[in-house]
Amino acid sequence: MRQVGVIGVGEYLPKRVLTNADLEKMVDTSDEWITTRTGIKERRLAAPDEATSDLAIKAAQKALEDAKLKPEDLDLIIVATITPDMQFPSVASMLQNGLSASKAVAFDISAACAGFVYGITIAQQFISCGTYKNALVIGAEKLSGITDWQDRNTCVLFGDGAGACVLSEVKTGGILSTYLSCDGSKMDLLNMPAGGSRNPASHETVDRRLHYIKMQGNDLFKIAVRSMTEAAEIVAKKAGLGLEDLDLIIPHQANMRIIMAVAKKIGLPEEKIYLNIAKYGNMSSACTATALCEAVKEGRIKKGDKVLLDAFGAGLVCGACIIEW
Ligand code: COA
């Protein structure tokens, strides 16, 4: 089996910034509540004419440049998203065309906030067994399009963005272990009820505001802490490492209190946790993707470092992987 690693990263965040002060004018909330309950100060919003594929392609181009590869070098494109431009075709197909990656096989995956880690895990399988050489994995979301801007319980949490990485065979380091899980029995805690085959779009579904994210945040909070802690422990054990051997943790950025509770449970200090929640909020699959890119660009990840990606989201899914840089 070939050893697989990340050879390039890229990100794209839309320009428009929506601050907590802006939200105070839209719903009954306060900067104080949002900051203390979530850790979020602002988030980015895509322009009305910007779709998920537009965000994704910009992140992808940067990752390819960073990897020093051309689009035609790509064999596989995986886009993790719950906000595709349309039901079909896939965002990945749009990228294959937009990048002119004519040789690449392309498909989307739906694993919500754990989508980027799911994507990395799938790509690793294809490369390690020799089916494909170079893969592009992207987490991209335009959550603002499915956020109910009248619901203070959810609208303060989400934002838009995209992060990408290129995976290929590496001589040293690379992905040491991966772990994925799913508990479909709790899928009703977080969903978007309409727009699929169960409740196709109709005047009634629009009137009932069913095309927006519905979330039972309190129940999810506890499960998120438990699941992300368990995933970190399992994936470290699979890699033959102790949690203290990790140099940086890149957690899904849903809530600062969730992240700090996980850090406490696995016994790691705050300086080993990478955070970008304050400036971007929860961007689902794009959280770990952009955070990985920023951590590399900021010099927080050095050669030989062991980095844990740990994500949890709708499904309910969980995904973790350890990468030696
Ligand atoms: N501004 C002010 N008050 C708000 C508010 C807002 N934006 N949103 C909710 N509240 C109120 C609630 O109405 C409630 O008021 P009540 O006590 O009068 O009923 C109170 O604040 C507490 O609400 P609660 O839902 O218990 O807050 P919380 O501490 O659980 O925080 C979340 C809410 C959503 C921030 C938190 O539960 C969370 O982050 N959950 C996990 C999200 C997650 O992991 N998602 C899955 C991965 S994407």
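Side-chain atoms are counted along with the backbone in the values below, which use heavy atoms only and exclude waters and symmetry mates. Ligands are counted one by one from 1 in listed order, and the atoms in each one are counted from 1 as well. As the structure is a computational prediction, the values presented were derived from the model and not from experiment.
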Sub-4.0 Å heavy-atom contact, L220 with ligand 1: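 A heavy atom of L220 does come that close to ligand 1.
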How far is [atom] from its nearest protein heavy atom, and which residue and atom name does that atom have?
{"atom": "atom 31 (O) of ligand 1", "value": "R257 NH2, 3.5 Å"}
{"atom": "atom 33 (C) of ligand 1", "value": "W33 CH2, 4.0 Å"}
{"atom": "atom 15 (O) of ligand 1", "value": "R152 NH2, 4.3 Å"}
{"atom": "atom 42 (C) of ligand 1", "value": "M215 CE, 3.9 Å"}
{"atom": "atom 47 (C) of ligand 1", "value": "F312 O, 3.6 Å"}

Measure the spacing between [atom1] of [X] and [atom2] of [Y] and express it to the nearest 0.5 Å.
{"X": "C318", "Y": "D310", "atom1": "SG", "atom2": "CG", "result": "5.5 Å"}
{"X": "L190", "Y": "L220", "atom1": "CG", "atom2": "CG", "result": "5.5 Å"}
{"X": "D108", "Y": "M94", "atom1": "CG", "atom2": "CE", "result": "8.0 Å"}
{"X": "E42", "Y": "L23", "atom1": "CD", "atom2": "CG", "result": "11.0 Å"}

Closest non-hydrogen atom pair, I82 against S284: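 Between these two residues, the closest heavy atoms are CD1-OG, 3.9 Å.
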Non-hydrogen atoms of R44 and Y280 that approach each other most closely: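 Answer, listing the atom of R44 first, then Y280: CG-CD2, 4.0 Å.
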R209 CZ: over 12 foreign heavy atoms closer than 6.0 Å: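 Yes.
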Greater than 12 external heavy atoms within 6.0 Å of E298's CD: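 Counting neighbours around CD of E298, more than 12 heavy atoms of other residues, nucleotides or ligands fall under 6.0 Å, so yes.
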Are any of the N/O atoms on [X], whether in the backbone or the side chain, positioned under 3.5 angstrom from an N/O atom of ligand 1?
{"X": "G217", "answer": "yes"}
{"X": "N255", "answer": "yes"}
{"X": "R37", "answer": "yes"}

Which atoms of ligand 1 sit under 4.0 Å from any heavy atom of [X]?
{"X": "C113", "answer": "48 (S)"}
{"X": "V156", "answer": "7 (N)"}
{"X": "H252", "answer": "48 (S)"}
{"X": "I258", "answer": "41 (C), 44 (O)"}
{"X": "N282", "answer": "48 (S)"}

Using a heavy-atom cut-off of under 4.0 Å, does the side chain or the backbone of [X] touch ligand 1, or both, or neither?
{"X": "T154", "value": "neither"}
{"X": "I34", "value": "neither"}
{"X": "T38", "value": "side chain"}
{"X": "T29", "value": "both"}
{"X": "N218", "value": "both"}

I'd like to know if [atom] has any protein heavy atom within a distance of less than 4.0 Å.
{"atom": "atom 38 (C) of ligand 1", "answer": "yes"}
{"atom": "atom 13 (O) of ligand 1", "answer": "yes"}
{"atom": "atom 10 (N) of ligand 1", "answer": "yes"}
{"atom": "atom 17 (O) of ligand 1", "answer": "no"}

Could you tell me whether [X] and [Y] make a salt bridge, using a distance below 4.0 angstrom between a side-chain N and a carboxylate O?
{"X": "D247", "Y": "K306", "answer": "no"}
{"X": "K70", "Y": "D73", "answer": "no"}
{"X": "R300", "Y": "E271", "answer": "no"}

Y12 and E50 side chains, donor-acceptor separation under 3.5 Å: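 A donor-acceptor contact under 3.5 Å links the two side chains.
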N255 and F221, any side-chain heavy atoms less than 4.5 Å apart: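 Of all side-chain heavy-atom pairs linking N255 with F221, at least one is under 4.5 Å.
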CA sep, side-chain torsions, deciding dist, call: S144, D160, side-chain hydrogen bond (donor to acceptor under 3.5 Å, both in side chains): CA-CA 6 Å; S144 60; D160 304 332; 2.7 Å; yes
